[in-house]
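Quantities reported herein were computed from a predicted structural model and do not represent experimental measurements. Side-chain atoms are counted along with the backbone in the values below, which use heavy atoms only and exclude waters and symmetry mates. So that the names make sense, note that chain A is the first sequence line, chain B the second, and so on, each numbered from 1.
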Number of protein chains: 4
Amino acid sequence: MHDDNVAGRARVVDTPELTAYYAELARHEAGALWTVANDIEPWEPRSHAVPMHWSYEALRPLVLKSLELVKPEDAGRRVVMLTNPKRRDVSAAVGWLYTGIQVMKPGEAASAHRHMASALRFIIEGSGAYTIVDGERLTLRANDFVITPNGTWHEHGNDGGHSPCIWQDGLDIPLINALEANFYQVHPDLHQEVARPVNASNFKYGNIALKPLEPDWSKSYSPLLKFTWESTYEALRLYATATEGSPFDGLVMEYINPLTGGAVMPTMGAQMQMLRAGEATRAHRHTGNVIYHVAKGRGHSIIGGQRFDWKEHDIFCVPSWAWHEHANASSSDDACLFSFNDFPVMNSLAIYREEAYVPNDGHQII
Amino acid sequence: MHDDNVAGRARVVDTPELTAYYAELARHEAGALWTVANDIEPWEPRSHAVPMHWSYEALRPLVLKSLELVKPEDAGRRVVMLTNPKRRDVSAAVGWLYTGIQVMKPGEAASAHRHMASALRFIIEGSGAYTIVDGERLTLRANDFVITPNGTWHEHGNDGGHSPCIWQDGLDIPLINALEANFYQVHPDLHQEVARPVNASNFKYGNIALKPLEPDWSKSYSPLLKFTWESTYEALRLYATATEGSPFDGLVMEYINPLTGGAVMPTMGAQMQMLRAGEATRAHRHTGNVIYHVAKGRGHSIIGGQRFDWKEHDIFCVPSWAWHEHANASSSDDACLFSFNDFPVMNSLAIYREEAYVPNDGHQII
Amino acid sequence: MHDDNVAGRARVVDTPELTAYYAELARHEAGALWTVANDIEPWEPRSHAVPMHWSYEALRPLVLKSLELVKPEDAGRRVVMLTNPKRRDVSAAVGWLYTGIQVMKPGEAASAHRHMASALRFIIEGSGAYTIVDGERLTLRANDFVITPNGTWHEHGNDGGHSPCIWQDGLDIPLINALEANFYQVHPDLHQEVARPVNASNFKYGNIALKPLEPDWSKSYSPLLKFTWESTYEALRLYATATEGSPFDGLVMEYINPLTGGAVMPTMGAQMQMLRAGEATRAHRHTGNVIYHVAKGRGHSIIGGQRFDWKEHDIFCVPSWAWHEHANASSSDDACLFSFNDFPVMNSLAIYREEAYVPNDGHQII
Amino acid sequence: MHDDNVAGRARVVDTPELTAYYAELARHEAGALWTVANDIEPWEPRSHAVPMHWSYEALRPLVLKSLELVKPEDAGRRVVMLTNPKRRDVSAAVGWLYTGIQVMKPGEAASAHRHMASALRFIIEGSGAYTIVDGERLTLRANDFVITPNGTWHEHGNDGGHSPCIWQDGLDIPLINALEANFYQVHPDLHQEVARPVNASNFKYGNIALKPLEPDWSKSYSPLLKFTWESTYEALRLYATATEGSPFDGLVMEYINPLTGGAVMPTMGAQMQMLRAGEATRAHRHTGNVIYHVAKGRGHSIIGGQRFDWKEHDIFCVPSWAWHEHANASSSDDACLFSFNDFPVMNSLAIYREEAYVPNDGHQII
């Protein structure tokens with residue numbers, strides 16, 4: 001769409017003299033900007049990833065198979081990670097975001113560790129999952145969302161009776177590696193002592209418009225660690241009565257740090273959105289990357305002109321600056337999409353931009 | 001306790017020469033600082049108010065009597081205001097805080113107005129009370145707490161079938177007058193058009209750790225206007241499982257602006273605290289003034305060495321820097337105290353200070 | 001201008017029945033709101049003060065006379081305070097702001113103290129004035145501005161050889177007393193040890209757009225304590241080349257906390273403004289109170305319809321919501337007005353409002 | 001130093017069964033986390049760059065040669081960029097930071113453009129350099145530092161009489177590309193209209209602890225665009241009298257946004273540090289990357305155990321988590337290092353960490 005043969009862009013033609021000059025520069029660990037300028041200053045964002053969709057139905061057997069193939073004490077964690085074909089080198093699903101599907105047998109408990117990367121989990125199956133974060137045990141059920149922010153000791157387990165627990169992990173590992181700031185520590189005792197009541201942070205910080213009088217919290221992430229599906233779905237149901245919603249996202253709410261109203265972690269935000277019965281949104285695009293998890297229902301999304309049909313527990317992603325729109329396949333039931341993103345990074349660095357798709361009533365042509 | 005006859009305090013003895021000098025200064029609208037210095041620079045805060053307790057049982061008949069005595073179109077609002085014996089000149093109950101008990105007959109609706117003062121209401125009786133704030137109608141029930149912040153158009157009514165509605169008003173009128181910044185306007189149409197769904201702000205902002213993705217709110221007060229008793233009592237009940245509470249206040253939570261985690265309004269904060277069965281707190285004191293409303297139960301408070309017994313819907317106040325402690329009279333049920341205060345003023349101006357009462361295991365001797 | 005005989009205002013006519021009712025309410029420390037409502041909810045701000053002007057020429061001999069009349073060890077400080085005729089009860093010059101003129105003989109040194117009130121000084125005469133704030137000695141010259149914020153140990157002295165030092169003090173004592181939060185302490189040793197280089201904070205924080213890499217400062221007030229006339233006048237001179245100025249204030253700049261860009265203290269702000277040769281501003285009014293000190297030049301201000309002529313070192317005040325405009329009497333030289341105010345209070349509490357005077361080209365008729 | 005053969009790390013041994021499983025996963029665009037876990041979760045940060053030093057003496061002739069080789073209308077800008085041997089793929093000198101040396105003949109003027117990347121310049125030689133940023137012309141002299149933040153229209157020129165102008169450019173282009181958020185626009189008229197007085201922002205915002213009363217600025221970067229060498233060197237000279245300095249950096253100050261006290265731009269910060277005569281600092285390391293420019297003097301730095309000698313206008317870099325220490329070679333004169341960094345990114349994302357080098361009195365062994 002954009003022509004580089006214009007004033008203000010680099011248009012230098014190679015000559016023998018220049019070739020010699022470039023060689024001389026290279027000997028000094030230098031180069032000529034004009035040889036790469038148009039490439040490193042693109043007219044608009046170029047994503048390094050492609051839109052992707054992963055079928056839970058297809059992946060589930062492979063996830064379960066890992067139960068037989070590896071032991072937790074060898075693998076650390078039994079995770080099938082989802083890698084974008086263009087981002088395999090950095091183990092990312094899209095942008096600098098990692099995601100994977102983890103599984104634990106009843107009775108298993110992984111050892112505790114911490115890292116500079118931040119993590120989140122969205123629960124898929126099983127009733128006995130728990131996470132211990134900095135000495136607090138959190139019990140988890142399907143569609144619950146939990147954070148294990150940067151620097152927190154954390155460990156996961158399954159003490160349910162019968163079935164394996166499966167959940168989706170999301171981490172900023174690729175970003176923190178790219179920013180050359182990752183650290184990793186195994187807990188000296190391999191497991192933490194549980195120092196507070198189970199789910200204590202929910203009782204302290206998971207209340208409606210009330211906080212402990214003297215919170216004593218100065219960390220950069222939310223003191224509320226677990227966000228239950230029950231309260232989240234109820235919130236969307238109520239929100240539906242008071243808003244027309246977004247033309248691009250339907251009814252969409254952001255999980256927040258209840259002490260600041262801001263994103264749950266400095267590097268990753270999370271949202272839950274409801275597509276009402278029959279709803280099909282209009283397309284828009286923005287900087288920042290998003291990984292979606294279908295929490296409820298069936299439908300499809302059109303991403304970068306490509307259609308992806310999805311149903312419960314499928315995972316898909318939208319790369320930076322790709323047009324995208326969503327549609328609920330049901331004319332009677334709502335569909336809900338959980339998603340996590342790197343918008344806090346975009347916002348902190350003042351590089352978030354957004355654009356609506358105007359032609360064709362806002363719908364991409366496939 | 002403190003002696004002014006020390007170095008660093010004013011100790012000038014009057015002489016005829018000085019008397020003449022003071023008269024000369026007065027002719028220039030001036031004075032000698034040393035004649036008032038010790039008085040205007042006290043060793044510690046001097047409250048202009050005394051501790052007070054108002055019995056709801058005693059006041060209720062007087063409140064109801066106003067229904068016969070005045071018409072709303074003449075009185076504006078039918079309110080029995082509670083005035084501190086030392087603060088009658090500024091119509092304050094304590095500090096610069098005003099409070100009163102308002103009543104409306106079924107079917108009545110007061111006209112809309114707005115002012116620079118901020119207001120709050122705590123509902124006592126009746127089922128049909130409502131408030132309309134900037135075009136949003138809020139339905140109110142006993143022990144609900146609602147704010148009508150500075151500059152908002154607001155109006156109150158009672159559309160319940162049978163009984164009068166009674167509530168407590170709290171305002172910063174004395175403060176805003178003292179700061180010479182009050183404005184008042186009657187709504188040009190006397191009543192507002194209701195522009196949004198009933199209780200819309202609760203559906204948008206009254207959710208657990210979730211906010212609308214793009215809140216579009218930049219005001220200095222909470223976008224959530226109503227805080228229900230149901231969610232508040234539930235919060236305290238849960239909080240009880242995760243904390244030992246404060247030695248001075250039992251289980252105490254602050255109502256917050258869910259978009260910032262801060263106080264609900266820039267001039268007044270509000271709290272709800274639970275005294276567990278049998279709980280008696282230790283005494284402390286702080287700058288800032290508090291007006292309490294007994295939301296549930298029976299007990300007593302010792303304020304400035306004076307005991308006040310209270311039961312449901314009684315109102316009492318704690319002046320700045322007065323020692324105070326609370327006790328629940330029941331050994332089986334909890335008691336709940338709603339309160340509002342001027343702590344946001346103390347905090348914004350960096351003049352909040354607090355001190356624990358050490359002698360006698362923290363209990364004042366009456 | 002406003003009529004109280006309208007819907008939405010209180011218009012209850014006294015009857016014997018009501019009189020009896022009011023007496024009954026009074027016995028319960030209560031009252032009827034409608035008897036005071038119109039008074040405590042004025043249509044617009046009512047200042048408790050009148051505009052005032054104090055001539056330095058007239059006051060200077062009285063200030064100097066105090067040198068003979070009282071000893072510092074008796075008076076604490078030799079200060080002629082300026083009191084508004086309507087605010088003598090609270091020792092305020094306007095609003096809740098105190099001001100006075102202090103004098104010290106060569107060789108004198110007052111003892112150190114601290115209080116919850118915040119203070120500032122603007123130097124008038126003499127070359128040996130110094131202030132020690134929390135262990136740092138600051139040397140002061142004419143038109144320098146220095147702060148001694150709430151809670152800091154501070155003491156003043158004059159170690160110049162020959163002449164007395166005179167300066168203007170500004171404090172929020174009336175406000176802090178009104179808010180019932182004042183504390184006072186005499187330094188246990190009467191004098192502080194000087195722990196850092198003279199004027200150290202100026203060398204650390206008084207630089208153009210540079211700060212120490214790790215400031216280690218979390219207090220609510222500016223780490224820079226002294227603002228010199230030299231850098232202030234130079235700033236205005238430069239600013240003049242880059243702005244047309246304000247129609248109401250000419251070239252006006254605010255002294256700031258260099259670590260935040262905000263007001264120098266949480267309760268008082270300060271400004272310096274330049275009226276260019278021949279400049280006469282238009283009138284406006286705002287909530288908040290201001291005390292001016294003529295730093296340079298001659299001119300007049302019209303405040304609330306009253307003209308006040310001023311020259312160097314005169315002091316005058318503008319009460320809340322009073323129309324005011326300023327004029328430089330010289331057609332060749334600039335005039336400079338230092339001022340301090342309670343705008344930080346207005347801003348923190350969200351009650352700052354401002355209005356331009358429209359009629360007569362923006363000029364009041366005297 | 002760290003052993004991966006421990007509990008909590010991945011230690012799965014390949015088997016034929018696993019190999020088949022991995023192939024199956026790959027067919028689903030998935031993988032097994034444990035095959036890469038230890039690699040993507042390193043024990044501590046791994047920089048993608050090596051320490052580098054570029055000699056200005058060596059590069060200057062190459063920079064000047066570009067004047068003959070390419071015309072600005074073809075090259076866009078005549079820049080010799082400095083590329084880290086390990087970061088050539090992203091045109092970075094270290095981390096995600098780009099730097100280069102640009103040259104313009106007298107009389108030349110490059111066309112205006114803007115981009116999402118942010119830029120800064122540090123002037124090396126010549127007297128006629130200027131930059132126009134959003135309609136404001138800034139004149140530049142040696143060692144001046146100027147920013148052209150994200151989204152601002154900017155253009156450079158040289159209207160000095162005789163000699164070329166040379167400066168160092170610093171940009172976050174690699175970061176913004178990595179974050180897939182770059183945009184680029186050529187100005188529709190190729191050049192901006194100059195709408196304000198020359199250097200206007202310096203006269204408005206480059207003053208000591210004073211700001212315009214109503215700044216009307218809500219952007220994420222500093223309204224002050226140019227930071228002169230004159231005021232910067234003076235600041236360091238004064239700062240020297242009031243601090244002992246940092247053991248790791250000598251006298252070090254950060255350029256700030258005067259309206260917030262924060263970093264000059266959301267993605268890049270800048271500092272100037274003075275090494276006093278004879279000063280040799282101790283080593284430390286931190287996350288975040290730094291590019292240095294020798295503003296004054298001679299000395300050496302030891303980075304990652306490797307010694308680099310430097311003199312005026314040399315450029316060198318410190319990769320994330322590399323130990324580094326600096327020494328001034330002169331026993332009589334100070335040396336000054338300008339530097340820019342990605343610390344604002346580290347801080348916004350809560351991933352800044354720092355560590356002192358303890359052995360050998362804090363000095364690395366080469």
[X], part contacting chain A, at a heavy-atom distance under 4.5 Å:
| X | value |
| --- | --- |
| D:Ala93 | neither |
| D:Ile101 | neither |
| D:Asn289 | side chain |
| D:Ser111 | side chain |
| D:Ser47 | both |
| D:Val70 | side chain |
| D:Asn150 | side chain |
| D:Tyr98 | side chain |

Beyond-backbone contact of [X] with [Y], side-chain heavy atoms, under 4.5 angstrom:
| X | Y | result |
| --- | --- | --- |
| A:Trp34 | D:Asp74 | no |
| A:Trp321 | D:Glu180 | no |
| D:Ser220 | A:Leu349 | no |
| A:Ile351 | D:Phe183 | no |
| D:Lys65 | A:Glu24 | no |
| D:Leu69 | A:Val12 | no |
| D:Tyr184 | A:Ile40 | no |

Report task. Give the C-alpha distance, both sets of side-chain angles, the deciding distance and a yes or no for side chain to side chain contact (heavy atoms under 4.5 Å, CB included) between D:Leu179 and A:Met346. Result -> CA-CA 8 Å; D:Leu179 295 177; A:Met346 300 294 123; 4.1 Å; yes

**Report entry** Sidechain N-carboxylate O distance under 4.0 Å for D:Arg77, A:Glu41
**Finding:**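 A:Glu41 and D:Arg77: salt-bridged.
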
Report task. Going by the salt bridge (charged side-chain N to carboxylate O under 4.0 Å, His left out) test, name the single residue among D:Lys86, D:Arg87, D:Arg88 that passes it with A:Glu29. Result ->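 It is D:Arg88; the other options fail the test.
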
